Amino acid sequence: MLFDRAKIYVEGGRGGDGVVSFRREAHVPRGGPDGGDGGRGGDVVLVCDAQRRDLSSLGRSRHFRAGRGEHGKGKRQHGERGEDRLIPVPPGTAVRGLDGSEAELMEDGQRLVVARGGSGGHGNKRFATSTRQAPRFAEKGLEGESGEIELRLKLLADVGLVGLPNAGKSSLLARLTRADPKVADYPFTTVEPILGTIELDDRQLVIADIPGLIEGAAEGAGLGHEFLAHLERCRLLVQLVEVAPPVGDPESNYRTVREELAGYGAGLEGLPEIIALSKIDLVAEDESEALVAEWSGRRGEAAGVLGISSATGAGLDELTRAIFAALPEEAPVAKPSGEFDAEHRVYRPGEDRGFDVIPEGEGRFRVSGRGIELLIARHDLENPEALDYLEGRLREIGVIAELERAGFEPGDEVIVGDVEFELDPS
Ligand SMILES: Nc1nc2c(ncn2[C@@H]2O[C@H](COP(=O)(O)OP(=O)(O)OP(=O)(O)O)[C@@H](O)[C@H]2O)c(=O)[nH]1
Ligand SMILES: [Mg+2]
């Protein structure tokens with residue numbers, strides 16, 4: 001089974017707490033503050049690994065947590081950074097990150113941070129000022145980013161084989177490449193994409209055999225059409241059309257598949273296409289030649305029309321040559337623009353620095369805003385000195401003025417996130 005989708009929960013490591021500590025030395029009776037900072041939490045990082053073929057390794061564990069940052073220590077020692085959690089994914093993995101933005105990993109070794117660790121808290125050393133020489137508080141580390149992200153694999157094939165079920169796609173893949181797909185005389189034998197490599201002279205191309213398409217696939221008929229995502233990177237399609245189909249006729253069967261390709265909506269119908277009239281061993285030679293001539297005459301745009309038989313091998317060398325001829329020699333596998341950026345790209349939930357004050361009944365006010373929530377999360381409100389410091393910061397930022405405008409009086413309750421405390425600014 002090919003695992004081409006995964007939803008996983010990622011959680012950056014929590015930052016380590018800053019520490020409250022004072023110098024203790026025999027000859028210094030009352031030393032100054034020397035509490036170090038907590039270390040940053042580790043990140044959760046996707047790493048493109050060319051050895052991987054699919055997302056199966058993600059199916060087993062659904063939660064990926066990076067390591068916590070170490071707490072600060074005395075003597076100004078800072079905590080160690082938390083360990084990153086690396087998640088190997090195959091080339092062609094598209095990611096929808098925590099903030100909903102999309103990125104793709106294409107090249108071996110490429111990295112993408114999907115959940116950043118929380119920052120570490122400052123130790124008490126940092127809060128020393130001329131008026132506060134012995135701060136007895138330090139900051140707590142922050143939670144890392146967390147949430148669910150979605151991964152989708154889009155196989156990196158140059159050429160896609162399409163056609164109705166039973167058209168002979170897998171038989172062809174087996175003839176042209178070393179792949180060993182299942183072949184059988186019933187529809188939907190192939191239920192997931194299979195890749196093979198065809199070679200000609202010194203060149204190689206990756207070819208993808210996918211499940212059959214039927215009328216209404218876009219609406220979910222048969223196996224649906226989701227697997228067409230694996231053809232999005234292709235530069236060429238080869239459509240197999242049975243010359244003597246048990247149902248329908250070659251022309252209408254061909255149209256059906258074209259319509260489903262267009263119905264998918266990713267522009268697959270605009271790719272260059274070779275039409276391979278398949279199973280020509282089932283009709284007389286002059287008949288197959290006439291068919292090829294007839295289709296060639298009508299298909300001005302097609303990159304080629306040929307008759308083939310995987311049973312006898314007829315036309316297969318010609319098909320191989322036509323495939324290589326249709327694909328320009330040096331053209332790289334289609335890469336999304338901005339892939340280089342992905343390396344340095346970081347998902348960060350939109351940080352707005354503003355805040356809002358909302359009265360919540362008699363003597364209660366809610367203050368919302370990411371920056372304020374982080375500030376509160378950093379401090380231990382049971383610690384009077386920390387609270388004092390916090391009040392100073394809230395005043396600087398303008399929160400207290402805004403509260404007062406809303407009718408706040410000293411001693412009223414203030415709610416920030418899930419923390420509620422009495423605010424009595426001096
Ligand atoms: N006579 C003849 N039979 C063929 C040829 N190619 C394939 N077949 C037969 O056609 C049937 C379907 O072949 P597959 O290769 O499984 O077809 P497919 O297009 O992969 O089918 P799905 O995976 O179900 O979409 C099998 O019984 C094959 O043996 C051919 O060139 N000549
Ligand atoms: Mg098949």
Side-chain angles (χ1 to χ4, degrees), residues 1-2 4 155 157 159-198 206-218 220-231 234 236-261 263-264 268 273-292 295 304-320 322-323:
M1 159 120 199
L2 180 88
D4 58 357
L155 295 180
V159 183
L161 295 180
V162 294
L164 292 181
N166 263 337
K169 303 177 291 297
S170 301
S171 306
L172 179 62
L173 185 79
R175 286 297 294 244
L176 296 184
T177 75
R178 257 178 283 212
D180 187 21
K182 187 170 168 195
V183 168
D185 191 15
Y186 53 82
F188 306 119
T189 306
T190 303
V191 293
E192 65 199 32
I194 298 172
L195 298 185
T197 305
I198 41 170
V206 176
I207 185 162
D209 170 30
I210 61 166
L213 281 167
I214 59 169
E215 191 177 339
L223 296 175
H225 70 174
E226 291 294 326
F227 51 78
L228 288 177
H230 295 298
L231 301 190
C234 288
L236 174 73
L237 298 181
V238 175
Q239 182 176 159
L240 271 73
V241 183
E242 276 187 79
V243 288
V247 281
D249 59 273
E251 178 62 34
S252 66
N253 289 350
Y254 172 77
R255 284 276 139 235
T256 299
V257 171
R258 293 294 299 169
E259 274 158 31
E260 293 307 325
L261 289 174
Y264 176 65
L268 295 179
E273 185 188 53
I274 292 175
I275 299 169
L277 297 169
S278 77
K279 307 192 189 179
I280 52 165
D281 56 289
L282 296 180
V283 298
E285 205 172 315
D286 53 347
E287 197 184 329
S288 70
E289 278 166 10
L291 269 169
V292 172
W295 280 66
V305 177
L306 322 128
I308 61 158
S309 167
S310 298
T312 65
L316 298 186
D317 289 343
E318 291 87 331
L319 177 60
T320 303
I323 289 172

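Just so it is clear, the structure is predicted and the values come from calculations on it, not from any experiment. Each ligand, and each atom within it, is numbered from 1 in the order the structure gives.
Distances under 2.8 Å from the Mg ion (ligand 2) pick out the protein N/O/S atoms Ser170 OG, Thr190 OG1.
Looking at Tyr264, its side chain does come within 3.5 Å of a backbone N or O of Ala229 through a donor-acceptor pair. Under a 3.5 Å cut-off, the side chain of Ser309 and the backbone N or O of Ala314 do not form any donor-acceptor pair. Side-chain N or O atoms of Lys169 include none that pairs as donor or acceptor with a backbone N or O of Ala208 at under 3.5 Å.
Between Val241 and Trp295 the shortest side-chain heavy-atom distance falls below 4.5 Å. Between Val162 and Leu268, the closest side-chain pair of non-hydrogen atoms is not below 4.5 Å.
The salt bridge (Lys or Arg N to Asp or Glu O under 4.0 Å) test applied to Arg258 returns Glu273, not counting sequence neighbours. In this structure, the side-chain contact (heavy atoms from CB on, under 4.5 Å) partners of Glu215, at least two apart in sequence or on a different chain, are Thr256, Glu260.
Exactly one of Asp180, Thr189, Asp209 qualifies for a side-chain hydrogen bond (donor to acceptor under 3.5 Å, both in side chains) with Ser170. That residue is Asp209.
Here Leu176 contributes atom CG and Leu319 contributes atom CG; the two are 6.0 Å apart, rounded to the nearest 0.5 Å.
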Could you pull out every N or O of ligand 1 that sits under 3.5 Å from a protein N or O, with the distance for each pair?
{"residue": "ligand 1", "atom": "1 (N)", "partner": "Asp281", "partner atom": "OD2", "Å": "2.9"}
{"residue": "ligand 1", "atom": "10 (O)", "partner": "Lys279", "partner atom": "NZ", "Å": "2.9"}
{"residue": "ligand 1", "atom": "15 (O)", "partner": "Ser170", "partner atom": "N", "Å": "3.4"}
{"residue": "ligand 1", "atom": "15 (O)", "partner": "Ser171", "partner atom": "N", "Å": "2.8"}
{"residue": "ligand 1", "atom": "15 (O)", "partner": "Ser171", "partner atom": "OG", "Å": "2.6"}
{"residue": "ligand 1", "atom": "16 (O)", "partner": "Ala184", "partner atom": "N", "Å": "3.3"}
{"residue": "ligand 1", "atom": "17 (O)", "partner": "Gly168", "partner atom": "N", "Å": "3.2"}
{"residue": "ligand 1", "atom": "19 (O)", "partner": "Ala167", "partner atom": "N", "Å": "3.1"}
{"residue": "ligand 1", "atom": "19 (O)", "partner": "Gly168", "partner atom": "N", "Å": "2.9"}
{"residue": "ligand 1", "atom": "19 (O)", "partner": "Lys169", "partner atom": "N", "Å": "2.9"}
{"residue": "ligand 1", "atom": "19 (O)", "partner": "Lys169", "partner atom": "NZ", "Å": "2.8"}
{"residue": "ligand 1", "atom": "20 (O)", "partner": "Ser170", "partner atom": "N", "Å": "2.9"}
{"residue": "ligand 1", "atom": "20 (O)", "partner": "Ser170", "partner atom": "OG", "Å": "2.8"}
{"residue": "ligand 1", "atom": "21 (O)", "partner": "Asn166", "partner atom": "N", "Å": "2.9"}
{"residue": "ligand 1", "atom": "23 (O)", "partner": "Thr190", "partner atom": "N", "Å": "2.9"}
{"residue": "ligand 1", "atom": "23 (O)", "partner": "Thr190", "partner atom": "OG1", "Å": "2.8"}
{"residue": "ligand 1", "atom": "24 (O)", "partner": "Phe188", "partner atom": "N", "Å": "2.8"}
{"residue": "ligand 1", "atom": "24 (O)", "partner": "Thr189", "partner atom": "N", "Å": "2.8"}
{"residue": "ligand 1", "atom": "25 (O)", "partner": "Lys169", "partner atom": "NZ", "Å": "2.9"}
{"residue": "ligand 1", "atom": "25 (O)", "partner": "Gly212", "partner atom": "N", "Å": "3.3"}
{"residue": "ligand 1", "atom": "31 (O)", "partner": "Asp281", "partner atom": "OD1", "Å": "3.4"}
{"residue": "ligand 1", "atom": "31 (O)", "partner": "Ser309", "partner atom": "OG", "Å": "3.4"}
{"residue": "ligand 1", "atom": "31 (O)", "partner": "Ser310", "partner atom": "N", "Å": "2.8"}
{"residue": "ligand 1", "atom": "31 (O)", "partner": "Ala311", "partner atom": "N", "Å": "3.2"}
{"residue": "ligand 1", "atom": "32 (N)", "partner": "Asp281", "partner atom": "OD1", "Å": "2.8"}
{"residue": "ligand 1", "atom": "32 (N)", "partner": "Asp281", "partner atom": "OD2", "Å": "3.4"}

